[in-house]
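Notes to accompany the following structure.
The shown structure was predicted, so the numbers you read here are calculated from the model rather than taken from an experiment. The sequence lines fix the lettering, A, B, ..., with proteins before strands; numbering per chain opens at 1. Below, each value reflects all heavy atoms present in this structure, side chains not excepted, and no hydrogens, waters or symmetry copies.
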Amino acid sequence: MNIRNSKYKNLFLVSYLDLKESIRSKWFLIYSIVFGGLIALFFIAGVTESQVMGFSGLSRLLLMYIQITIVILPIFILITTVRSISNDRDSHILEYMLSFPISLKEYYWGKLLGRFITVYLPVLFAMIIAVVYGVTKGATVPWELFFLYIGLLFAMSSSFLGISFLISSFVKSSEVALGLAFFIWIFLLSFIDIALISLMLSQRVSSELIIFISLINPMEIFRVSAISLFDPQLTVMGPVAFYILDIFSQKVFVLLSILYPTLLGLGLAFLGNRIFQKKDLV
Amino acid sequence: MIEIKNVTKRFDKTISLNNITIDFNIGESIALMGANGAGKTTLIRAILGYYHLDSGSIFVNSLNPIKDRVEVLKHISFVPQLPPPIKLNIGELLDYVSISSDISIDLIREYANELKLDIDSNLKKSFFKLSGGMKQKLLIAISLAKQSDIIIYDEPTANLDPKAREDFYRLLEKSSNNKIMLFVTHRLEEVSSLVNREVYMDLGNVISDKKI
Ligand SMILES: Nc1ncnc2c1ncn2[C@@H]1O[C@H](COP(=O)(O)OP(=O)(O)OP(=O)(O)O)[C@@H](O)[C@H]1O
Ligand SMILES: [Mg+2]
């Protein structure tokens with residue numbers, strides 16, 4: 001490790017140490033087991049071999065994986081990172097660690113980078129293992145799908161990490177942070193849908209608006225975009241597809257669903273950084 | 001030099017620092033005393049740039065500890081009142097301090113040896129799993145190895161056994177020239193041979209300030 005001379009040495013130092021600490025922790029073990037285990041379960045269930053061997057088998061595996069990821073990944077990211085700064089503040093770790101000449105920017109972004117690597121790598125590895133397994137079984141790898149998924153996962157991880165760090169920067173205690181994170185998860189996962197469905201039924205709001213609102217939810221745009229990879233006409237979504245594909249082509253839509261959550265996460269993280277600098281540290 | 005001018009810091013209703021004005025100069029060893037809740041820790045944290053003040057200003061070597069935090073903290077060694085539950089292991093903690101502050105790990109090891117703390121056999125141990133006294137010894141060794149011109153200790157001897165306290169004060173006496181040393185303490189008799197200024201605080205005010 002030769003980071004001593006880099007301009008970003010403190011940033012890398014903070015992320016490297018955070019990464020090491022995370023990898024040793026129990027939550028990381030559970031997290032990796034869940035994602036690794038999921039993939040293993042799919043293999044055992046024989047998803048890759050069902051139907052016609054090859055393309056559709058592996059694609060179905062990825063689709064199932066994506067569906068489960070939508071539910072699990074956000075809550076995992078939220079509960080494991082939302083306390084990263086607030087916990088250090090509560091337990092007076094910040095008081096000591098920040099008595100060394102490290103800028104607050106380096107500390108904040110270093111932590112964020114470390115956490116990003118921790119949450120993204122296991123998910124990525126699970127995908128790679130799935131592909132390797134598929135190849136050894138003689139399947140043709142749907143590379144385009146694979147890379148777009150990796151992009152979508154990256155985007156969703158970014159947006160939730162951004163939400164986490166924003167919360168972490170302003171809450172008073174880590175319990176509150178956890179509660180708030182859980183609420184946001186439930187809210188994005190189902191509450192919005194329920195509210196929007198009832199709005200739709202009452203027919204007082206235009207469908208375009210409702211679709212727009214639902215798609216600014218990073219979980220929802222992830223879901224729709226993932227489905228569109230298999231079903232470019234979005235036929236399973238019924239008339240809603242018409243509105244979406246009327247505005248964007250499917251390709252543009254997928255790109256947007258990678259770009260938007262990434263920028264959203266980055267924006268929220270920047271906001272968190274501002275708050276972190278403006279508030280008392282201990 | 002540390003210049004504290006008309007500093008007020010409130011937490012909700014509590015006034016922790018009430019319009020405090022005081023300077024600390026090179027060559028001074030200060031015992032900062034006062035009842036629990038007097039505002040000693042708050043004053044120290046303000047010097048370290050952790051608090052946004054309600055009013056007043058603090059300058060450390062003419063620099064603002066919030067705006068120029070990196071420059072200011074290069075000159076300060078600090079040991080907190082309670083060793084925090086850092087999860088890094090000792091080796092990692094040493095990497096953190098040595099890379100961020102250019103502290104020599106060999107020097108830390110030397111000071112640790114003087115305090116009868118064996119670092120090398122504990123390198124893989126989590127910091128928070130050390131005993132209370134071992135934690136304090138390590139933080140003290142780091143603070144001395146940093147060779148700063150400003151040393152701030154918030155009751156660092158609370159967990160040390162009598163022998164370790166002796167070692168600690170012996171080390172300090174050796175390195176106390178041309179520095180500002182600020183000790184928060186409840187036991188003046190322990191530091192009396194070391195200090196040349198006694199400051200008492202109560203309810204956020206400096207109530208007495210004697211040079212001796
Ligand atoms: N983060 C905070 N939020 C609210 N109140 C605080 C905070 N930090 C300190 N205080 C209050 O400020 C006052 C001064 O506290 P401080 O820790 O400075 O006392 P102290 O002199 O160090 O006491 P001790 O000898 O017990 O360490 C106390 O009334 C305390 O409750
Ligand atoms: Mg105190």
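Within the 4.5 Å cutoff, the side chain of A/Pro101 has heavy atoms near those of the B/Lys146 side chain. Looking only at side-chain heavy atoms (C-beta outward), A/Arg24 and B/Asn89 come within less than 4.5 Å of each other. In this structure, the side chains of B/Phe78 and A/Glu95 come closer than 4.5 Å at one or more pairs of heavy atoms. A/Asn10 is not listed as a side-chain neighbour of B/Tyr96, based on a closest heavy-atom distance of 4.5 Å or more. At least one side-chain heavy atom of A/Val282 sits under 4.5 Å from a side-chain heavy atom of B/Tyr51.
Scanning both residues, B/Leu73 and A/Phe100, for their nearest heavy atoms gives CD1-O, 3.7 Å. In terms of heavy-atom proximity, B/Pro85 sits nearest to A/Ile93 at O-CD1, 3.4 Å.
For B/Asp118, the CG atom counts as densely surrounded, since its 6.0 Å shell holds more than 12 non-hydrogen atoms of other residues, nucleotides or ligands. Other residues, nucleotides and ligands place no more than 12 heavy atoms under 6.0 Å from the NZ atom of B/Lys129. Annotation for B/Arg170: atom CZ counts as buried by contact number, over 12 foreign heavy atoms lying within 6.0 Å. Within 6.0 Å of CZ in A/Phe125 there are 12 or fewer heavy atoms belonging to other residues, nucleotides or ligands. Summarising the local packing, NZ of A/Lys279 is surrounded by more than 12 heavy atoms from other residues, nucleotides or ligands at distances under 6.0 Å.
With respect to chain A, the highest number of heavy-atom pairs below 4.5 Å among B/Ile76, B/Leu48, B/Val97, B/Ile66 belongs to B/Val97. The greatest number of non-hydrogen atom pairs below 4.5 Å with chain B, out of A/Glu21, A/Met97, A/Gln277, is found for A/Met97.
If you measure heavy-atom distances from B/Ile152 to chain A, you find no contacts under 4.5 Å at all. In this structure, chain A has no heavy atom under 4.5 Å from any part of B/Phe127. For a residue to count as touching a neighbouring chain, one of its non-hydrogen atoms must lie under 4.5 Å from one of that chain's; by this rule B/Ile142 touches chain A with the side chain only.
Of the possible donor and acceptor atoms, one in the side chain of B/His52 sits under 3.5 Å from a partner among the backbone N and O of A/Lys278. Checking side-chain atoms of A/Tyr96 against main-chain N and O of B/Ile86 turns up no donor-acceptor pair under 3.5 Å.
Considering CD of B/Glu92 and CG of A/Leu13, their distance stands at 10.5 Å, rounded to 0.5 Å. The CZ atom of B/Arg69 lies 10.0 Å from the OH atom of A/Tyr107; values are rounded to the nearest 0.5 Å.
Using a cutoff of 4.0 Å between basic side-chain nitrogens and carboxylate oxygens, A/Asp280 and B/Lys9 are scored as salt-bridged.
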